[in-house]
Peer 1: 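Okay, handing you the structure first.
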Amino acid sequence: MVSLARKLIAPRNPIPRSISYELGNPEASQPFVPFSRLQETKLLESHLVSLLDNCSSLIQIKQVHAHVIRRGLDQCCYVLAKLLRMLTKINVQMDPYPRLVFHQVEYRNPFLWTALIRGYSIQGPLSEAVRLYNGMRMESISPVSFTLTALLKGCSDELGLNLGKQIHCQGIKLGGFCKDLFVHNILIDMYVKCGWLDCGRKVFDEMSERDVISWTSLIVAYSKTGDMVAAAELFERLPVKDLVAWTAMVSGFAQNAKPREALEFFNRMQCGGVETDEVTLIGVISACAQLGTAKYANWVHDVAEGYGFGPANHVMVGSALIDMYSKCGNVEEAYKVFENMKEKNVFSYSSMIVGFAMHGCASAALDLFDEMVKTEVKPNKVTFIGVLMACTHVGLVERGRHLFDMMEKHYGVEPSVEHYACMIDLLGRAGQLEEALQLIKAMPIEPNSGVWGALLGACRIHGNPEIAQVAASRLFELEPDSIGNYVLLANTYASAGRWEDVLGIRKLIKQKLLRKDPSRSWIEGKVGVIHEFYAGDMTHPKSKEIKEALEDLVGRLKTHGYEPNLSSVPYDLSEENKKRILLTHSEKLALAYGLLITDNESTIRIMKNLRICEDCHSFMCGASQITGREIIIRDNKRFHHFRNGVCSCGNFW
DNA sequence: ATAGGGTTAG
């Protein structure tokens, strides 16, 4: 029975290829197969294909394959092509198993060829995919448009691009698929992946017919290069905007640090009656995390629950919420979300660990790490950055060293340059500047700007202009246009009283026409209204009250022993001028405004774009004591919780 | 067959 079936399906004298391939299925035109049997075979084939469709592991696929052979269909291209596609889907290497399956078939149709080509194209090497493609044409088998898209999928680098261009130029001349929408959409994608956005645009512009996928591909491409203007331009021209296109805009703005625009688009999307799914929500959550305000945080959490994508059942939404609450200063709420999640993955754990670290809760971060390694979730490089950060923020040098030693030995995570930067930060902030410098010299990988920057930052904190000079000279090579490095070096000189050198750096900054990123702080007022203050900026309508409130506060603070820290002003000015400047630091303005607009009980949350200065730090400590308020400040690195005169960072930041 | 997603760094 078995051998009979095999004979029927793979005849000794195959019908001419040209006919069979046009029909797409050689078995279909065998004249001597009785109709009923043919139907039976067709049924069996589609049954096996649907079995394959439901496979999710190699073992399952092999079981179905055995079944395929038992039923005598081991020459059936239709079923075997599906088998190869499934093997590719679960990432089974083409050599040897899928390759063998392919070779065991005597008469291969274009779909079977394409399935193998696609496998090599996705996994690499692309050269093998090309070799097969040529082999296919040598046997006079005409490629189908799916063959081209399969090849184009693998063209994501310089080498692939050449091939892709060939396919683009020649292949399209070949036949009917020159107008094929799929091929063009994938061509756009290929050019974009290779960094040839203009070519992608050209394909798009010349297409006779476009669908929402063509538009969205290009919109995403622009947003990935940071050009949200071009992305928005296209988006507005897109005739029918679907969920994915809207989401591309929302997350595009979020990824490009434009949280307000992201929220604005989400709002428009909702007004337009477009449905929302968890992918959209993740973009919105990320935008709220950047705003850092508590009210938006609660709002978006409710929105997510309302759409049925609560953190309990959606790992990605949950992880994004953990990150958001941490960045909004509410680490307790972040932990609540974490606890209630049914499934936790490496993102959930890492976000929570990083969250604890940001808030200076080192022991919570380290405990959670210990808990994590007992589960099936494996720590990754970000997890280790999190635990090292935790150690840094409380000065746990030995613990950090130990973790750094163990990460590769025990957990198989190779220390990257970012981990070295964390270690330099850890040693440096703890005052071990020489050790930090030694570690940089002993690094097996090339130190990058992050590493030298960490050292320079530490030199500024501990007032070491000599080592600062070493770090800065490397940084000026690596990042000649980054103003921050010049400012840090100048500040280090300033606190050592080396005003000549400070002037030298200032001159350099002027020569290079660099502009300082102005210091600003913001605070959330009524229902999502954000008030932003720039250092020295007295244009806020309530400036007069703010100034009075601050002067009053300083007066009361002085009776508690506060003295303005003049070394926080890196300019060679008179004492009076220094004091005046200190009082217009943006976080102080925001604090005064916060005191004016909130009731006596509530916590004051301030966000800031730069590192908080020593003077503001001690000012906030005192203010929290005098006013009895809790003050939470997020600077560009971490959170400070000021309560009863002390800060959670233990004056270590 | 083709489009959208979450954690890090001085």
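The sequence lines fix the lettering, A, B, ..., with proteins before strands; numbering per chain opens at 1. Since this is a predicted model, take the numbers as computed values, not measurements.
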Peer 1: Suppose the criterion is salt bridge (charged side-chain N to carboxylate O under 4.0 Å, His left out): which pairs have a residue in residues 235-249 of chain A, not counting sequence neighbours?
Peer 2: A:E236-A:R268
Peer 1: Apply side chain to side chain contact (heavy atoms under 4.5 Å, CB included) to A:S251 and list each qualifying residue two or more places apart in sequence or on a separate chain.
Peer 2: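 Side chain to side chain contact (heavy atoms under 4.5 Å, CB included) check on A:S251 returns A:T247, A:Q255.
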Peer 1: Counting any heavy atom closer than 4.0 Å, what does A:L475 reach on the DNA or RNA strands: base, sugar-phosphate only, or nothing?
Peer 2: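 Answer is base: heavy atoms of A:L475 come under 4.0 Å of a base.
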Peer 1: Do A:S350 and A:T383 get their side chains close enough for a donor-acceptor pair, meaning under 3.5 Å?
Peer 2: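 Yes.
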Peer 1: Among residues at least two apart in sequence or on other chains, which ones pass side chain to side chain donor-acceptor pair (under 3.5 Å) with A:N185?
Peer 2: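 Partners of A:N185 by the side chain to side chain donor-acceptor pair (under 3.5 Å) criterion, ordered by chain and then number, come out as A:D211, A:S214.
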Peer 1: Atom CE of A:M443 and atom C1' of B:dA9: how far apart are they, to the nearest Å?
Peer 2: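 Going from CE in A:M443 over to C1' in B:dA9 covers 13 Å.
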Peer 1: For every nucleotide of nucleotides 1-7 of chain B, 5' to 3': is a protein heavy atom under 4.0 Å from its base (B), only from its sugar-phosphate (S), or from neither (-)?
Peer 2: BBBBBBB
Peer 1: Side chain to side chain contact (heavy atoms under 4.5 Å, CB included) with A:C422: which residues, sequence neighbours excluded?
Peer 2: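 A:C422 satisfies side chain to side chain contact (heavy atoms under 4.5 Å, CB included) with A:I385, A:L388 only.
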Peer 1: When all nucleic acid strands are considered with a 4.0 Å heavy-atom cut-off, which category describes A:M389: base, sugar-phosphate, or nothing?
Peer 2: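 Contact class for A:M389: sugar-phosphate only.
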Peer 1: Restricting to side chain to side chain donor-acceptor pair (under 3.5 Å), what partner residues turn up for A:R118, sequence neighbours left out?
Peer 2: none
Peer 1: How many whole angstroms separate atom CG of A:L426 from atom C1' of B:dT8?
Peer 2: 16 Å
